Protein chains: 2
Amino acid sequence: MALEHAILVSLLEKPGSGYELARRFERSIGYFWTASHQQIYRVLGRMEADGRLVVREVEQQGRPDKKEYSVAGPGRGALADWLHKPIEPESLRHDLAVKIRGAAFDDPAALIREVERHRRAHRDRLAHYLAGEARDFTGPEAPAPPDAGQELQHVVLRGGIAYERMTIAWLDDVLDTLHRLAGRAPGPAA
Amino acid sequence: MALEHAILVSLLEKPGSGYELARRFERSIGYFWTASHQQIYRVLGRMEADGRLVVREVEQQGRPDKKEYSVAGPGRGALADWLHKPIEPESLRHDLAVKIRGAAFDDPAALIREVERHRRAHRDRLAHYLAGEARDFTGPEAPAPPDAGQELQHVVLRGGIAYERMTIAWLDDVLDTLHRLAGRAPGPAA
DNA sequence: CGCTCCATGTAAACTGTTACATGATTGT
DNA sequence: ACAATCATGTAACAGTTTACATGGAGCG
């Protein structure tokens with residue numbers, strides 16, 4: 001159900017169309033929640049029908065009209081209810097870890113390329129987060145003093161940065177392990 | 001689709017029943033993939049129908065009979081195919097981060113209890129992982145030298161440990177931020 | 001002419017959660 | 001007697017992914 005709440009938070013930060021939300025889910029909100037445009041349009045339709053959102057048709061020049069959504073009273077209430085209700089601490093879903101354990105029944109060396117690819121992706125994501133942090137929070141252009149919303153956005157971004165740094169360090173550990181195993185026995189085991 | 005692959009890896013490590021798999025998904029495999037028994041039974045049924053698994057009825061004394069599943073040739077092939085196919089680097093799903101950003105439109109101080117609860121859960125999980133590491137890998141009972149499968153299980157567990165440590169440190173950062181905001185403005189903003 | 005961006009959606013398949021259901025054994 | 005553990009499932013619903021579908025504007 002958290003997609004609904006993520007959309008409410010994003011629209012409270014700034015109203016926008018389904019398309020714009022989809023873009024945000026590739027960027028800032030996407031640091032901790034992902035959603036495709038198909039999902040977003042469906043949920044927006046439902047939330048508008050439920051009275052949590054209001055739409056405004058916006059005519060544009062040189063591009064298609066868009067529907068700008070913003071949060072209505074009941075939407076704000078639904079978000080407040082959810083914020084006050086405890087949630088379960090997350091459990092991870094990590095495909096790559098499944099692959100690493102699966103490598104025991106295949107060739108561990110064959111995984112090295114894949115792990116390196118993931119390491120590059122995480123390194124790029126870290127660079128992207130750090131650039132965003134400098135632009136919005138720590139650089140000379142950043143607003144001083146920051147308001148509560150900016151402080152909270154920043155602490156979430158610091159979480160993303162910590163996650164990427166941790167992941168890169170772990171992938172280095174994985175690569176070391178795979179190289180050691182590849183040196184030891186160069187074929188499929190088991 | 002990774003539940004299927006996680007089941008294949010687990011059954012290659014050791015054949016077992018749906019019930020036993022559900023237990024493993026609360027423990028070792030559960031460090032990086034979760035699944036309920038309902039899901040597991042459904043997928044086991046499908047995989048057996050597809051010829052990826054074979055079942056053996058095992059009579060037991062003092063407890064109900066069970067169906068012991070093990071991986072068939074096509075199952076091993078399906079796993080190998082998946083292992084050689086690149087996967088997308090994961091994107092996070094972190095409800096708590098949605099809540100933290102949402103707190104800008106509610107009372108940040110009201111989130112402190114919830115964050116503390118999550119911190120305790122992660123601290124407990126870390127202790128559990130560390131106990132498992134000592135028991136299976138670094139303690140005096142651990143097999144020496146470890147085989148490839150154990151090395152790979154260990155590196156995945158180290159990833160879980162690093163994740164929990166990072167998360168605890170981040171939650172401390174979040175708590176500092178919330179305390180600072182609570183001291184500054186004691187009501188809902190926006 | 002083809003590519004990317006803007007903007008919106010539908011449909012089908014699959015995955016995951018919640019609730020319900022049964023029945024024996026072991027321990028308190 | 002009651003609760004927990006072992007063991008297996010069904011059914012309904014909610015959420016997610018993948019594929020299909022349309023169409024204009026601007027750039028090289």
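Please read all numbers here as calculations on a predicted model, not as lab measurements. In the text below, chain A, chain B and the rest are named by the order of the sequence lines, each starting its count at 1.
- Of all heavy-atom pairs spanning A/Val54 and A/Ala72, the tightest one is CG1-CB, 4.1 Å.
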In the 5'-to-3' direction, what one-character label does each nucleotide of nucleotides 18-25 of chain D receive under the scheme B = base within less than 4.0 Å of a protein heavy atom, S = sugar-phosphate only, - = no such atom? BB---B-S
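- Comparing C/dT17, D/dT8, C/dA7 by their nearest atom to the side chain of A/Gln60 picks out C/dA7.
- Between A/Ser17 and C/dC6 there is no side-chain polar atom (N or O) within less than 4.0 angstrom of OP1 or OP2.
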For nucleotides 1-5 of chain C, which of its nitrogen or oxygen atoms have a protein nitrogen or oxygen under 3.5 Å away, and what is each distance?
none

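- Within the 4.0 Å cut-off from OP1 or OP2 of C/dG16, at least one side-chain nitrogen or oxygen of A/Arg93 is found.
- The side chain of A/Glu20 sits closest to C/dA7 out of C/dA7, C/dT15, C/dG9.
- When the side-chain nitrogen and oxygen atoms of A/Tyr41 are compared with OP1 and OP2 of C/dT8, one or more of them lie within a distance under 4.0 Å.
- In this structure, B/Arg56 places its CZ atom 18 Å from C1' of D/dT8, rounding to the nearest Å.
- Between B/Arg46 atom CZ and D/dT10 atom P there is a gap of 14 Å when expressed in whole angstrom units.
- Taking the centre and axis of the six-membered ring of A/Trp170, the NZ or CZ atom of B/Arg158 falls outside the cone set by 45° and 6.0 Å.
- Checked for salt-bridge contact, B/Arg23 and B/Glu26 meet the test: a charged N lies under 4.0 Å from a carboxylate O.
- One atom, CG of B/Leu21, and another, C1' of D/dC6, lie 14 Å apart when rounded to the nearest Å.
- Counting only heavy atoms from C-beta on, A/Lys66 has its side chain closest to C/dA7 among D/dA7, C/dG9, C/dA7.
- With rounding to whole Å, A/Leu44 atom CG is found 14 Å from C/dA7 atom P.
- Applying the salt bridge (Lys or Arg N to Asp or Glu O under 4.0 Å) rule to B/Glu116 yields no partners; only residues at least two apart in sequence or on another chain are considered.
- Listed by chain and residue number, nothing satisfies the salt bridge (Lys or Arg N to Asp or Glu O under 4.0 Å) test with A/Asp176 (two or more places apart in sequence, or in another chain).
- In this structure, B/Arg24 does not pair ionically with B/Glu13, as no charged nitrogen and carboxylate oxygen lie closer than 4.0 Å.
- In summary, the side chains of A/Ser70 and A/Arg56 do not present any donor paired with an acceptor at a separation below 3.5 Å, with no hydrogens or angles considered.
- If you take CD1 of B/Ile40 and P of D/dT8, they are 11 Å apart, rounded to a whole angstrom.
- Computed from coordinates, the A/Glu59 CD to C/dA7 P distance equals 14 Å when rounded to whole Å.
- End-to-end axis angle of the helix from C/dC1-D/dG28 to C/dT28-D/dA1, from C1' rotation axes over five pairs per end: 30° (rounded to 10 degrees).
- Counting atom types as modelled, A/Arg42 pairs no side-chain N or O with a base atom of D/dG15 as donor and acceptor under 3.5 Å.
- Looking at every heavy atom in both residues, B/Leu11 comes nearest to B/Tyr69 through CD2-O, 3.6 Å.
- Whole-Å rounding puts the B/Glu88 CD to D/dT16 C1' distance at 16 Å.
- Salt bridge absent: B/Glu141 and B/Arg135 never bring a charged side-chain N and a carboxylate O closer than 4.0 Å.
- To the nearest angstrom, P of C/dA7 lies 13 Å from NZ of A/Lys67.
- A salt bridge does not link B/Glu57 with B/Lys66: every distance from a Lys NZ or Arg NE/NH1/NH2 to an Asp or Glu carboxylate oxygen is 4.0 Å or more.
- Salt-bridge check for B/Glu48 with B/Lys67: failed, with every basic side-chain N at 4.0 Å or more from each acidic carboxylate O.
- Remark: A/Glu114 pairs with A/Lys99, A/Arg117 by the salt bridge (Lys or Arg N to Asp or Glu O under 4.0 Å) rule, at least two apart or across chains.
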